[in-house]
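Down below is the structure, laid out as structure tokens.
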Amino acid sequence: MTAAKRRFVFTISCAVLFMLLLNYKPIHQYIDVMKSQKAITADGQLDERERLRGLIEQWKAGVEELPIDAVYDKSWKSAIPGYNGRIVDVEASIHKMNATGIVSPDSLVYKEVPPAVSLEQVGVLPIYRGNPNKPAISFMINVAWGNEYLDSMLNTLDKHGVKTTFFLDGSWVKRYPEEAKKIAARGHEIGNHAYSHPDMKTLGTQRIQQEIGKTQEVIQKTIGVKPTLFAPPSGSFDQRVVQIAQSSFQMKTILWTADTVDWQKPSSSWVVRKISRLMGNGVLVLMHPTAASEASLDQLLTIAKQKGLVPTTVSEVISANRLQSK
């Protein structure tokens, strides 16, 4: 290589090295800035999560509730259902607040905590009411005769957006299948009310099986549902009835907390006065498709809501599940 070529190569090499030196600092500065920005962003997110966590810890102190066990009621010789507790799901609450941008106690997310003792663990017993801490009430309707007030009562329930429980007599379903289908089509829960409205506690074991089983069969054939609740006619039962309903048909035996005695044909104002005094958490109100109940149902539903109660099905009232947003 000549001296001239060596000088040329040296010059080019120096120029390249010079350019590299010029660019070295800015590249590293850029990298450092990017790292710093990422750190700031991460720290900011971390700080915001910790801020929200601190707020949630303050807010949850007054809203979390312990579960309540199901118990045996000695005075009524019955089971009282338990009631789920609730705790704040901190991580879900943080996620919701970040997603919505709404930071308030109303944005807390809850998890239900079941009681240590469930209704089933208390024993095979009749049920007269739901848990006294659950703000739910049911205006349950036993149907064994009379159709003239049924449509009006269904319309009133629709007006209030309420689904309740109809306990159907098997022979009534056999005679009026379209009426039974109508009740189910309106979204109401269907219960078993025996087949021929007998005095259940006076029956032999085989006849008890027949009364409940025949009604299950006709309801399933007509409506396509299998009831899980049994209401003995006139509230007449003994432990054999409760045991057979549970062991043979997997049904709970349901009685009532408050009775309209509408079959005695009282005035609607009398029914409203009586039942409004007895309304409360977990109350089961007994009705039939009669003139007195038909005329009082609208006002009773209004009063229940004014008292902060949620009119609903018997299954919902006796469930340990919390009502939505309660």
Inter- and intrachain pairs under salt bridge (charged side-chain N to carboxylate O under 4.0 Å, His left out), touching [range], at least two apart:
{"range": "residues 119-133", "result": "E120-K252"}
{"range": "residues 287-308", "result": "K159-D298"}
{"range": "residues 104-113", "result": "none"}
{"range": "residues 194-215", "result": "R207-E211"}

Is it the case that over 12 heavy atoms from other parts of the model lie below 6.0 angstrom from the [atom1] atom of [X]?
{"X": "K96", "atom1": "NZ", "result": "yes"}
{"X": "E217", "atom1": "CD", "result": "no"}
{"X": "Q299", "atom1": "CD", "result": "no"}

Please name all residues satisfying side-chain contact (heavy atoms from CB on, under 4.5 Å) with Y176, sequence neighbours left out, ordered by chain then number.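 Here the qualifying residues are N147, W172, E179.
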Same apolar cluster (I L V M F W Y, side chains within < 4.5 Å links), [X]/[Y]:
{"X": "M140", "Y": "W76", "result": "yes"}
{"X": "L309", "Y": "Y83", "result": "no"}
{"X": "I68", "Y": "V317", "result": "no"}
{"X": "F249", "Y": "V314", "result": "yes"}
{"X": "W256", "Y": "V143", "result": "no"}

Kindly compute the distance separating [atom1] ([X]) from [atom2] ([Y]), expressed to the nearest 0.5 Å.
{"X": "I318", "Y": "T312", "atom1": "CD1", "atom2": "OG1", "value": "11.5 Å"}
{"X": "I102", "Y": "S104", "atom1": "CD1", "atom2": "OG", "value": "7.0 Å"}
{"X": "S196", "Y": "D169", "atom1": "OG", "atom2": "CG", "value": "7.0 Å"}
{"X": "I183", "Y": "H188", "atom1": "CD1", "atom2": "NE2", "value": "8.0 Å"}
{"X": "N131", "Y": "N84", "atom1": "CG", "atom2": "CG", "value": "10.0 Å"}
{"X": "D158", "Y": "M153", "atom1": "CG", "atom2": "CE", "value": "12.5 Å"}

Candidate pair V310 and I137, rule side chain to side chain contact (heavy atoms under 4.5 Å, CB included), full reasoning: CA-CA 6 Å; V310 177; I137 187 171; over 6 Å; no
Donor-acceptor pair, distance only, cut-off 3.5 Å: does the side chain of [X] make one with the backbone of [Y]?
{"X": "S296", "Y": "A292", "result": "yes"}
{"X": "R240", "Y": "L203", "result": "yes"}
{"X": "T215", "Y": "A194", "result": "yes"}

Heavy atoms, side chains only, cut-off 4.5 Å: are [X] and [Y] in contact?
{"X": "T253", "Y": "I127", "value": "no"}
{"X": "E91", "Y": "R53", "value": "yes"}
{"X": "L150", "Y": "F166", "value": "yes"}
{"X": "V241", "Y": "F230", "value": "yes"}
{"X": "L297", "Y": "L157", "value": "yes"}
{"X": "P232", "Y": "L255", "value": "yes"}
{"X": "I141", "Y": "F167", "value": "no"}
{"X": "P114", "Y": "P67", "value": "no"}

Residues which pass salt bridge (Lys or Arg N to Asp or Glu O under 4.0 Å) with E189, listed by chain and number, not counting sequence neighbours: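 Salt bridge (Lys or Arg N to Asp or Glu O under 4.0 Å) check on E189 returns nothing, list empty.
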Results of salt bridge (Lys or Arg N to Asp or Glu O under 4.0 Å) for E148 - residues two or more places apart only: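 Scan of E148 (salt bridge (Lys or Arg N to Asp or Glu O under 4.0 Å), adjacent residues dropped) gives none.
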Other hydrophobic cluster members with [X], side-chain heavy atoms of Ile/Leu/Val/Met/Phe/Trp/Tyr under 4.5 Å, chained?
{"X": "V88", "answer": "L52, L55, I56, W59, V63, V90, I94, M97, V103, L108, Y110"}
{"X": "I87", "answer": "V113"}
{"X": "V122", "answer": "Y72, V117, L125"}

With side chain to side chain contact (heavy atoms under 4.5 Å, CB included) as the test, would you mind laying out the steps for T290 and K265 before giving the verdict? CA-CA 8 Å; T290 62; K265 300 182 180 180; over 6 Å; no
For residues 270-289, dump all side-chain donor-acceptor pairs below 3.5 Å to protein atoms at least two apart in sequence or in another chain.
residue: K274; atom: NZ; partner: D259; partner atom: O; Å: 2.5
residue: S276; atom: OG; partner: V272; partner atom: O; Å: 2.7
residue: S276; atom: OG; partner: R273; partner atom: O; Å: 3.1
residue: R277; atom: NH1; partner: R273; partner atom: O; Å: 3.3
residue: N281; atom: ND2; partner: P132; partner atom: O; Å: 3.1
residue: H288; atom: ND1; partner: D262; partner atom: OD1; Å: 2.8

What are the two closest heavy atoms between [X] and [Y], and how far apart are they?
{"X": "S78", "Y": "Y128", "answer": "CB-CD1, 3.4 Å"}
{"X": "L301", "Y": "V162", "answer": "CD2-CG2, 4.2 Å"}
{"X": "P233", "Y": "P198", "answer": "CB-O, 3.6 Å"}
{"X": "G130", "Y": "I80", "answer": "O-CG2, 4.1 Å"}
{"X": "T313", "Y": "S138", "answer": "C-OG, 3.6 Å"}
{"X": "P177", "Y": "K174", "answer": "CD-O, 3.6 Å"}

I'd like to know if the side chain of [X] pairs up with that of [Y] as donor and acceptor (distance under 3.5 Å, no hydrogens or angles considered).
{"X": "R186", "Y": "N155", "value": "yes"}
{"X": "Q209", "Y": "S248", "value": "yes"}
{"X": "S267", "Y": "S269", "value": "yes"}

Going through the distances and angles, do L168 and N192 end up as a side chain to side chain contact (heavy atoms under 4.5 Å, CB included)? CA-CA 6 Å; L168 304 183; N192 183 314; over 6 Å; no
Between D238 and M200, is a side chain to side chain contact (heavy atoms under 4.5 Å, CB included) present by the stated rule, with each step listed? CA-CA 8 Å; D238 58 18; M200 296 293 291; over 6 Å; no
Reference residue E316; test salt bridge (charged side-chain N to carboxylate O under 4.0 Å, His left out); the match among K134, R322, K163: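 With E316 as partner, salt bridge (charged side-chain N to carboxylate O under 4.0 Å, His left out) holds for just one option, K134.
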Extract all donor-acceptor atom pairs below 3.5 Å that involve side chains of residues 218-229 and protein atoms in other chains or at least two apart in sequence.
residue: T222; atom: OG1; partner: V218; partner atom: O; Å: 2.7

